Chemist: 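The structure is given below, and queries will be raised subsequently.
Since we're looking at a predicted model, the values are computed, not measured.
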Amino acid sequence: MFAHALNAYLQVQVPGVAERRITDIFKPMGTPGYAEREAALFTIGVTAVIFVVVAGLIVYTVWRFRRRPSDDSAQEPPQVYGSNQIEAAWTIIPILIVFVLIGVSARVIAGVENASPPPKALKVRLIGHQWWWEVQYPDYGIVTANEIHVPATPDGQRATYLELTSVDVIHSFWIPELAGKTDLIPNRVNYAWIDPRVPGVYVGNCAEYCGTQHAQMLLRVIADTPENFKTWTEQQQRPAENDPQVSDARNVFGSLACVNCHDIRGTPSVGKFGPDLTHLMSRRTLAAGVLVNDTKNLRAWVDDPQKAKPGCLMPSMKLNDQQLEQVVSYLQSLK
Ligand code: CUA
């Protein structure tokens with residue numbers, strides 16, 4: 001129901017920004033975020049008027065009835081007891097205001113939650129882990145982590161519908177510019193949807209306290225042009241690169257316990273506990289958005305994950321320098 005207003009609003013915004021990193025709920029780039037902003041602005045407007053009226057009356061009263069030199073301090077001002085009109089007014093008007101606010105919130109919540117997926121909608125399963133996000137594309141057979149690639153959808157027809165669940169504790173999905181928060185709850189599936197109208201990177205964060213590294217459980221939605229999204233899905237569907245130049249390094253990796261937790265499709269490494277690494281190098285970040293994915297950070301992360309993210313479930317494997325170099329060079333072959 002907000003599609004028309006959103007289109008008009010987006011025309012005034014700066015379209016075509018390649019990379020957006022501001023997480024501003026007042027600059028929505030998708031329908032749910034836009035609907036929620038409208039409700040927020042309305043509520044802020046109503047409460048601002050109430051504030052001005054109440055604060056204004058207080059200031060007026062303090063000033064108008066201040067003590068004057070001529071006042072007789074022994075004598076109280078005239079006391080007024082009871083007024084049916086005033087009592088009725090301050091009971092009925094707030095009740096009406098509360099009902100209007102309930103109505104507006106309910107309308108927006110229902111509008112967002114009851115929206116049915118358009119036929120071309122993309123389906124994504126998002127699974128919360130302490131402290132990272134597993135991202136599955138059931139229709140494509142793709143598994144990745146922490147970065148959700150979706151097609152940007154200027155007309156809203158290629159929206160992405162998310163199934164949200166968790167393997168451990170409650171997490172919460174939140175991409176401020178695209179959609180408000182929805183919890184990821186173990187043994188339950190919740191739903192959310194996003195329709196980024198403009199290509200770019202939309203940054204979000206886990207929004208439900210889930211343990212020591214809750215604040216470092218970042219999430220990115222990368223809205224690609226349709227062509228780039230197609231290229232990305234084709235690349236992600238392939239098994240891992242089998243680069244002969246790193247066959248020694250691959251053997252070293254295969255001999256380590258890393259394989260118990262990480263899946264690298266097409267290799268004997270089939271663990272499911274940690275993020276899928278099949279195309280690790282296609283991701284911009286490591287450790288759920290905490291580190292830029294470059295050689296220095298990758299080496300530091302593999303060497304001792306507890307430095308960047310104390311308490312995280314990936315242990316330091318206590319590799320010697322040579323093993324570390326080989327693991328890093330193997331991981332960097334996973335394009
Ligand atoms: Cu996951 Cu907070």
Chemist: In this structure, are over 12 heavy atoms from other groups packed under 6.0 Å from Ile86 atom CD1?
Modeler: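 No.
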
Chemist: Go through the steps for Arg125 and Glu163 under the test salt bridge (Lys or Arg N to Asp or Glu O under 4.0 Å), then give the verdict.
Modeler: CA-CA 5 Å; Arg125 234 178 121 73; Glu163 289 179 12; 2.7 Å; yes

Chemist: Are Glu325 and Arg299 ion-paired here, with the side-chain N under 4.0 Å from a carboxylate O?
Modeler: yes

Chemist: Ring-plane angle category for His214 and Tyr209, please: parallel below 30°, perpendicular beyond 60°, tilted otherwise.
Modeler: perpendicular

Chemist: Check for a donor-acceptor pair, side chain of Lys309 on one end and backbone N or O of Trp131 on the other, with a separation under 3.5 Å.
Modeler: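 Side chain of Lys309 to backbone of Trp131, a donor-acceptor pair under 3.5 Å: yes, one is there.
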
Chemist: Thinking salt bridges, do Lys335 and Glu241 make one under a 4.0 Å N-O criterion?
Modeler: no

Chemist: Given His149, which of Thr144, Asp224, Thr160 fulfils the side chain to side chain donor-acceptor pair (under 3.5 Å) condition?
Modeler: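 When side chain to side chain donor-acceptor pair (under 3.5 Å) is applied between His149 and each of Thr144, Asp224, Thr160, only Asp224 qualifies.
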
Chemist: Show every side-chain hydrogen bond (donor to acceptor under 3.5 Å, both in side chains) that has at least one partner inside residues 47-66, sequence neighbours left out.
Modeler: none

Chemist: Answer yes or no: does atom CZ of Phe65 have more than 12 heavy-atom neighbours from other residues, nucleotides or ligands under 6.0 Å?
Modeler: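 It does: Phe65 CZ has more than 12 such atoms within range.
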
Chemist: If you count every heavy atom of other residues, nucleotides or ligands that lies below 6.0 Å from Glu87 atom CD, does the total exceed 12?
Modeler: yes

Chemist: Return yes if some donor-acceptor pair links the side-chain N/O of Gln237 with the main-chain N/O of Gly141 below 3.5 Å, else return no.
Modeler: no

Chemist: Distance-only, no hydrogens or angles: does the Asn260 side chain make a donor-acceptor pair with backbone N or O of Val270 under 3.5 Å?
Modeler: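 It does not hold such a pair.
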
Chemist: Is the side chain of Ser166 donor-acceptor paired with the backbone N or O of His129 at a distance under 3.5 Å, no angle test?
Modeler: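 Not a single qualifying donor-acceptor pair exists.
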
Chemist: With side chain to side chain contact (heavy atoms under 4.5 Å, CB included) as the test, pick out the partner of Gln326 among Val252, Leu331, Leu319.
Modeler: Val252

Chemist: Evaluate the side-chain proximity of Val98 to Ile102: yes if any heavy-atom separation is below 4.5 Å, no if none is.
Modeler: yes

Chemist: Is it true that, when you exclude Asp321 itself, more than 12 heavy atoms of the residues, nucleotides or ligands shown sit nearer than 6.0 Å to its CG?
Modeler: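 Open: at most 12 neighbouring heavy atoms sit under 6.0 Å from CG of Asp321.
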
Chemist: Between the side chains of Asn190 and Arg188, is a donor N or O closer than 3.5 angstrom to an acceptor N or O?
Modeler: yes

Chemist: Charged N to carboxylate O under 4.0 angstrom, Asp263 versus Arg265?
Modeler: no

Chemist: Would you name the heavy atoms of Ser172 and Trp133 that are closest together and state the gap between them?
Modeler: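 That would be O-CH2, 3.4 Å.
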
Chemist: Just by distance, no angles: are the side chains of Gln245 and Ser333 close enough, under 3.5 Å, to form a donor-acceptor pair?
Modeler: no

Chemist: Counting only N and O atoms by type, is there a donor-acceptor contact under 3.5 Å from the side chain of Glu36 to the main-chain atoms of Ile25?
Modeler: no

Chemist: Ignoring hydrogens and geometry, is there a side-chain-to-backbone donor-acceptor pair from Thr182 to Phe173 under 3.5 Å?
Modeler: no

Chemist: So which atom in Pro118 and which in Tyr161 form the shortest heavy-atom distance, rounded to 0.1 Å?
Modeler: CD-CE1, 3.7 Å

Chemist: More than 12 non-hydrogen atoms from neighbouring residues, nucleotides or ligands closer than 6.0 Å to CG on Asn84, yes or no?
Modeler: no

Chemist: Please determine whether a side-chain nitrogen of the Lys or Arg among Glu234 and Arg238 lies less than 4.0 Å from a carboxylate oxygen of the Asp or Glu.
Modeler: no

Chemist: Should the ring pair Trp232 and Phe229 be called parallel, tilted or perpendicular, given that the plane angle runs from 0 to 90° and is split at 30 and 60?
Modeler: parallel

Chemist: So does Asp71 have more than 12 non-hydrogen atoms from other groups sitting under 6.0 Å from CG?
Modeler: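 Counting other residues, nucleotides and ligands, CG of Asp71 exceeds 12 neighbours.
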
Chemist: Any idea which heavy atoms bring Ala223 and Val198 closest together, and the distance?
Modeler: CB-O, 3.9 Å

Chemist: Any side-chain to backbone donor/acceptor pair from Asp183 onto Ile185? Under 3.5 Å, distance only.
Modeler: no

Chemist: On a heavy-atom basis, which atom in Pro28 and which in Arg37 lie closest, and how many Å separate them?
Modeler: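 Smallest interatomic distance, heavy atoms only, reads CD-CD, 3.6 Å.
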
Chemist: Heavy atoms only: give me the nearest Ile222-Arg284 pair and the separation to one decimal.
Modeler: CD1-NE, 3.5 Å

Chemist: Side chain to side chain contact (heavy atoms under 4.5 Å, CB included) with Ser316: which residues, sequence neighbours excluded?
Modeler: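 Testing Ser316 for side chain to side chain contact (heavy atoms under 4.5 Å, CB included), a comparison that skips the adjacent residues, returns Asp304, Pro305, Lys318.
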
Chemist: With no hydrogens and no angle check, just 3.5 Å: does a side-chain donor-acceptor pair link Asp195 and Thr31?
Modeler: yes

Chemist: Tell me the closest heavy-atom pair linking Ala240 and Ile264, and the distance in Å.
Modeler: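 Residues Ala240 and Ile264, closest heavy atoms: CB-CG2, 3.5 Å.
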
Chemist: Check whether any side-chain N or O of Arg158 sits under 3.5 Å from a backbone N or O of Pro151 as a donor-acceptor pair, and report yes or no.
Modeler: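 No; judged by distance alone, with no hydrogens or angles, the pair does not exist.
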
Chemist: Go through the side-chain N and O atoms of Asp276 and His279 and say whether any donor and acceptor fall under 3.5 Å apart.
Modeler: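 Judged by distance alone, the side chains do not pair up.
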
Chemist: Sub-3.5 Å donor-acceptor pair from the side chain of Glu147 to the main-chain atoms of Thr285, do we have one?
Modeler: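 Confirmed, Glu147 side chain pairs with Thr285 backbone.
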
